[in-house]
Amino acid sequence: MASSSKPKSNYEVFLSFRGIDLRNTFLGHLYKALHHNGIYTFIDSEELRKGDQTLPALMKAIEESFVAIILFSKDYASSRWCLEELMKIMECKEQKDLTVLPVFYKVDPREVRRGSKSYGKALAKHESKFGKDSEKVEQWKKALFDAGSLSGWHFNDGDESELIERIVKEISTLLDRTPLHVAKHPVGINSRVVKLKFMLNVESDDGVFMMGLWGKGGIGKTSLAKAIYNDIFRQFEGSAFLANVRETSKGCRDLVALQEKLLLEILLLKQRLVVSNVDAGTNLVRDRLCCKKVLLILDDVDDLRQLNALAGEGKWFGNGSRIIITTRDKHLLTCHGIDQDQVYEVKALEDNEARELLSKHVFQTYQKLKIKTDLVDGVLNYVEGLPLAIEVLGSFLCGRREHEWKSTLKKFSKIPHKTINNVLKISYDGLEDNEKEIFLHIACFFKGQDSEYIKRVIDSCDFEITIGLEILLERSLISMEHGIVEMHDLIQLMGMDIVNQECRDDPWRRGRLWLYDDVLDVLSRDMVILANIVKIVLFVFDSNY
């Protein structure tokens with residue numbers, strides 16, 4: 001199992017234990033059961049522990065595992081190795097979201113926490129060796145207290161096979177919640193995840209927190225949402241990532257299917273619950289999840305109905321839950337009661353990030369082609385930090401020569417790349433007619449102009465410009481900087497292409513003209529038509545007289 005938040009590892013579970021006898025009995029049976037269920041487990045050989053050279057390998061195995069099982073037995077604390085492992089495990093629990101499950105094997109959890117009986121004797125021996133006020137021993141005591149306070153399994157007597165079955169089932173359930181693939185080259189994502197984690201304040205269980213990821217199409221909202229999901233989902237009792245909500249919820253039955261999927265993933269059901277209609281599904285989601293701490297991500301939401309059906313209110317979920325919504329429509333988040341300070345605007349990549357991402361897509365082979373800096377800069381200027389465009393064009397240009405780069409840039413400066421254009425056009429297609437017309441006017445004539453000037457001109461054309469501009473801002477189709485209306489070059493190109501498609505070969509039949517040659521062509525043709533009309537009128541006049 002691989003995760004974007006952890007390096008690849010051959011192991012999913014790390015077993016921490018003490019004693020060869022235990023290894024040959026209970027632990028050996030547990031290891032075989034985990035292995036039989038396809039769960040790759042690290043178990044070290046105590047007889048191979050010679051000196052400190054093995055310690056780094058053990059620490060690395062802990063860091064790369066997803067789950068650590070600590071088998072507390074009577075003489076666990078007598079081993080310095082075990083206590084070092086334990087310290088590392090608890091450190092990774094805090095810093096790397098390692099799931100820690102203790103098994104108290106024929107020992108009372110209170111002995112582990114308080115350092116009494118066999119644990120007290122073992123710690124006393126360590127103190128006599130390292131000193132009563134030894135910082136190392138104090139760290140071990142704290143690790144024992146913290147681990148001993150965790151919920152797990154307590155076994156004194158009975159059927160060991162039954163306990164092993166329960167442990168394997170619990171581990172299997174945890175590992176069924178697999179991380180998501182984020183991106184082939186997740187450049188610039190980690191720094192944004194850090195900011196998001198700060199906003200989410202996952203450590204707090206006070207109430208339910210809803211937040212939005214907002215930005216234009218192709219800006220990387222989904223990739224960022226997947227990355228934050230991978231980073232924190234193991235801290236919740238249940239989690240679900242519902243992708244492409246806009247596409248998969250076009251009808252009422254589709255919303256029902258999403259409700260069923262949400263319940264299936266969060267509750268880890270073996271089979272899907274049957275939901276009769278959206279209203280029944282709403283009640284079911286609320287009733288089944290109201291006491292459960294969950295992580296829910298709703299990706300690409302574009303309609304309030306979707307939010308009402310899937311995450312209507314915070315009280316649907318248990319305390320500590322986090323609901324993340326990705327959308328192109330900022331106003332949708334406002335309507336759902338999400339404050340502006342709970343909205344994270346996903347912005348374009350920084351220049352150095354964009355260059356790195358382009359290089360990773362373009363120069364994939366060992367034998368890298370030499371491409372002039374001005375051509376690379378030309379591509380970077382064209383994409384303006386939009387990750388989708390960088391990925392698409394970078395892959396297209398991979399392995400191509402300089403003359404092909406020049407031709408590509410020339411081609412796409414006139415006609416946008418179909419894949420990129422289709423993603424950007426989704427935002428335009430969701431507009432009402434008033435906003436569509438205003439958008440096309442800005443794309444063709446008013447990019448970089450003062451907003452007050454634009455309002456005066458377009459208002460005179462009988463459009464509702466004030467609300468129109470606000471909606472275009474909310475949909476990330478335009479931005480406002482110091483009163484100047486700006487627009488991403490690729491979004492502008494998309495708008496111009498919509499107008500050109502009215503009649504690509506004949507500018508006279510288009511609703512807007514902005515190129516000098518097109519205007520000249522139409523005016524010249526009009527002059528010819530006007531001259532011919534004058535000739536006809538004069539001919540008729542002369543004929544009558």
Side-chain angles (χ1 to χ4, degrees), residues 13-23 25-27 29-30 42-44 46 49 52 55 58-59 61-63 65 67-160 162-164 166-167 170-171 174 203-205 234-235 237 293 319-320:
V13 175
F14 182 92
L15 291 176
S16 179
F17 72 101
R18 164 72 166 160
I20 294 175
D21 291 343
L22 196 60
R23 179 191 175 98
T25 53
F26 177 82
L27 190 79
H29 298 147
L30 175 59
F42 183 95
I43 180 170
D44 69 308
E46 255 193 314
R49 293 177 175 177
D52 290 339
L55 196 58
L58 287 172
M59 300 300 110
I62 293 170
E63 287 178 355
S65 297
V67 180
I69 298 177
I70 308 168
L71 192 60
F72 287 118
S73 56
K74 288 189 183 299
D75 61 346
Y76 182 90
S78 63
S79 167
R80 181 175 65 87
W81 286 83
C82 288
L83 294 174
E84 288 294 325
E85 284 179 9
L86 179 65
M87 261 179 53
K88 185 65 177 180
I89 286 169
M90 298 311 292
E91 177 190 308
C92 289
K93 180 183 182 297
E94 295 302 316
Q95 298 180 5
K96 297 180 178 290
D97 302 326
L98 175 68
T99 299
V100 180
L101 300 172
V103 178
F104 302 97
Y105 187 80
K106 298 182 179 180
V107 64
D108 194 299
R110 287 172 295 184
E111 294 177 36
V112 178
R113 286 196 299 271
R114 298 172 182 174
S116 59
K117 295 187 178 180
S118 62
Y119 280 74
K121 292 176 183 177
L123 289 170
K125 286 184 179 179
H126 293 309
E127 284 178 342
S128 66
K129 180 178 179 180
F130 295 101
K132 191 170 180 62
D133 298 322
S134 166
E135 184 180 349
K136 175 66 72 177
V137 176
E138 289 303 313
Q139 290 173 338
W140 289 342
K141 286 181 179 179
K142 184 181 185 305
L144 285 167
F145 177 83
D146 292 342
S149 302
L150 297 174
S151 60
W153 298 274
H154 183 198
F155 181 84
N156 266 333
D157 196 14
D159 189 349
E160 290 189 354
E162 185 181 324
L163 174 59
I164 288 171
R166 284 163 52 200
I167 294 172
E170 175 76 13
I171 300 296
L174 284 169
E203 289 72 24
S204 172
D205 285 339
R234 295 187 189 279
Q235 299 178 47
E237 296 174 50
K293 179 182 175 181
N319 284 339

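Heads up: numbering here begins at 1 and tracks the sequence. Every heavy atom of this structure was used, including side-chain atoms; hydrogens, water molecules and symmetry mates were not.
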**Q** Please name the pair of heavy atoms, one in Ala143 and one in Met90, separated by the smallest distance, quoted to 0.1 Å.
**A** O-CG, 4.1 Å
**Q** Check Lys141 with Glu127, please: is the shortest side-chain N to carboxylate O separation under 4.0 Å?
**A** yes
**Q** How long is the straight-line distance from NZ of Lys93 back to CZ of Arg234, given to the nearest 0.5 Å?
**A** 14.0 Å
**Q** Is the ring centre of Trp140 less than 6.0 Å from the ring centre of Phe130?
**A** yes
**Q** Test side chain to side chain contact (heavy atoms under 4.5 Å, CB included) on Ser116 and Arg110; report intermediate values, then the result.
**A** CA-CA 8 Å; Ser116 59; Arg110 287 172 295 184; 5.8 Å; no
**Q** Please round to the nearest 0.5 Å and tell me the distance separating atom CG of Asn319 and atom NZ of Lys293.
**A** 10.0 Å
**Q** CZ/Phe155 to CD1/Ile164 distance, rounded to the nearest 0.5 angstrom?
**A** 8.5 Å
**Q** Which atoms form the tightest heavy-atom contact between Leu83 and Ala77, and what is the distance?
**A** CD1-O, 3.4 Å
**Q** Going through the distances and angles, do Leu15 and Phe42 end up as a side chain to side chain contact (heavy atoms under 4.5 Å, CB included)?
**A** CA-CA 6 Å; Leu15 291 176; Phe42 183 95; over 6 Å; no
**Q** Could you check whether any side-chain heavy atom of Lys88 comes within less than 4.5 Å of a side-chain heavy atom of Glu91, counting everything from C-beta outward?
**A** yes
**Q** Which pair of non-hydrogen atoms, one from Pro102 and one from Ala147, has the smallest distance, and what is that distance?
**A** CG-O, 3.9 Å
**Q** Taking C-beta and beyond as the side chain, do Arg18 and Ser78 meet within less than 4.5 Å on heavy atoms?
**A** yes
**Q** Considering all heavy atoms of both residues, which atom of Gly115 and which atom of Leu123 are nearest to each other, and what is their separation?
**A** CA-CD1, 4.1 Å
**Q** Tell me the closest heavy-atom pair linking Phe104 and Gly148, and the distance in Å.
**A** CZ-O, 3.8 Å
**Q** Would a 4.5 Å heavy-atom cut-off, applied to side chains only, mark Lys106 and Ser73 as touching?
**A** no
**Q** Give a yes or no answer on whether the side chain of Ser79 reaches the backbone of Cys82 with a donor-acceptor pair at less than 3.5 Å.
**A** yes
**Q** Determine, stepwise, if the pair Ile70 / Val100 fulfils side chain to side chain contact (heavy atoms under 4.5 Å, CB included).
**A** CA-CA 7 Å; Ile70 308 168; Val100 180; 3.6 Å; yes
**Q** Rounded to the nearest 0.5 Å, how far apart are CZ of Phe14 and OG1 of Thr99?
**A** 15.0 Å
**Q** Just how far is it from atom CG of Leu58 to atom CD of Glu63, taken to the nearest 0.5 Å?
**A** 11.5 Å
**Q** Would Glu85 and Arg80 count as a salt bridge (Lys or Arg N to Asp or Glu O under 4.0 Å) here? Give the steps.
**A** CA-CA 9 Å; Glu85 284 179 9; Arg80 181 175 65 87; over 6 Å; no
**Q** Would a 4.5 Å heavy-atom cut-off, applied to side chains only, mark Cys92 and Ile89 as touching?
**A** no
**Q** So, does His126 use its side chain to make a donor-acceptor pair with the main chain of Ser134 at under 3.5 Å?
**A** no
**Q** Could you tell me which non-hydrogen atom of Phe145 sits nearest to which non-hydrogen atom of Ser149, and how far apart they are?
**A** O-OG, 2.7 Å
**Q** Under 3.5 Å, is there a donor on one side chain and an acceptor on the other for Ser16 and Tyr76?
**A** yes
**Q** Just wondering, do Phe72 and Asp108 contact through their side chains at under 4.5 Å, heavy atoms?
**A** no
**Q** Tell me whether the centres of the aromatic rings in Tyr105 and Phe26 are closer together than 6.0 Å.
**A** yes
**Q** Between CE of Met87 and CD of Gln139, what distance do you get to the nearest 0.5 Å?
**A** 4.0 Å
**Q** Does any non-hydrogen side-chain atom of Ile171 lie less than 4.5 Å from one of Leu101?
**A** yes
**Q** Run the side chain to side chain contact (heavy atoms under 4.5 Å, CB included) test on Arg23 and Ile43 for me, step by step, so that the C-alpha distance in whole Å, both residues' side-chain angles and the decisive distance to 0.1 Å come before the verdict.
**A** CA-CA 9 Å; Arg23 179 191 175 98; Ile43 180 170; 3.4 Å; yes
**Q** If you define the side chain from C-beta out and look only at heavy atoms, does anything of Ile69 sit under 4.5 Å from Ile167?
**A** yes
**Q** Just so I know, are the side chains of His154 and Pro109 near enough to count as touching, which here means a heavy-atom distance under 4.5 Å?
**A** yes
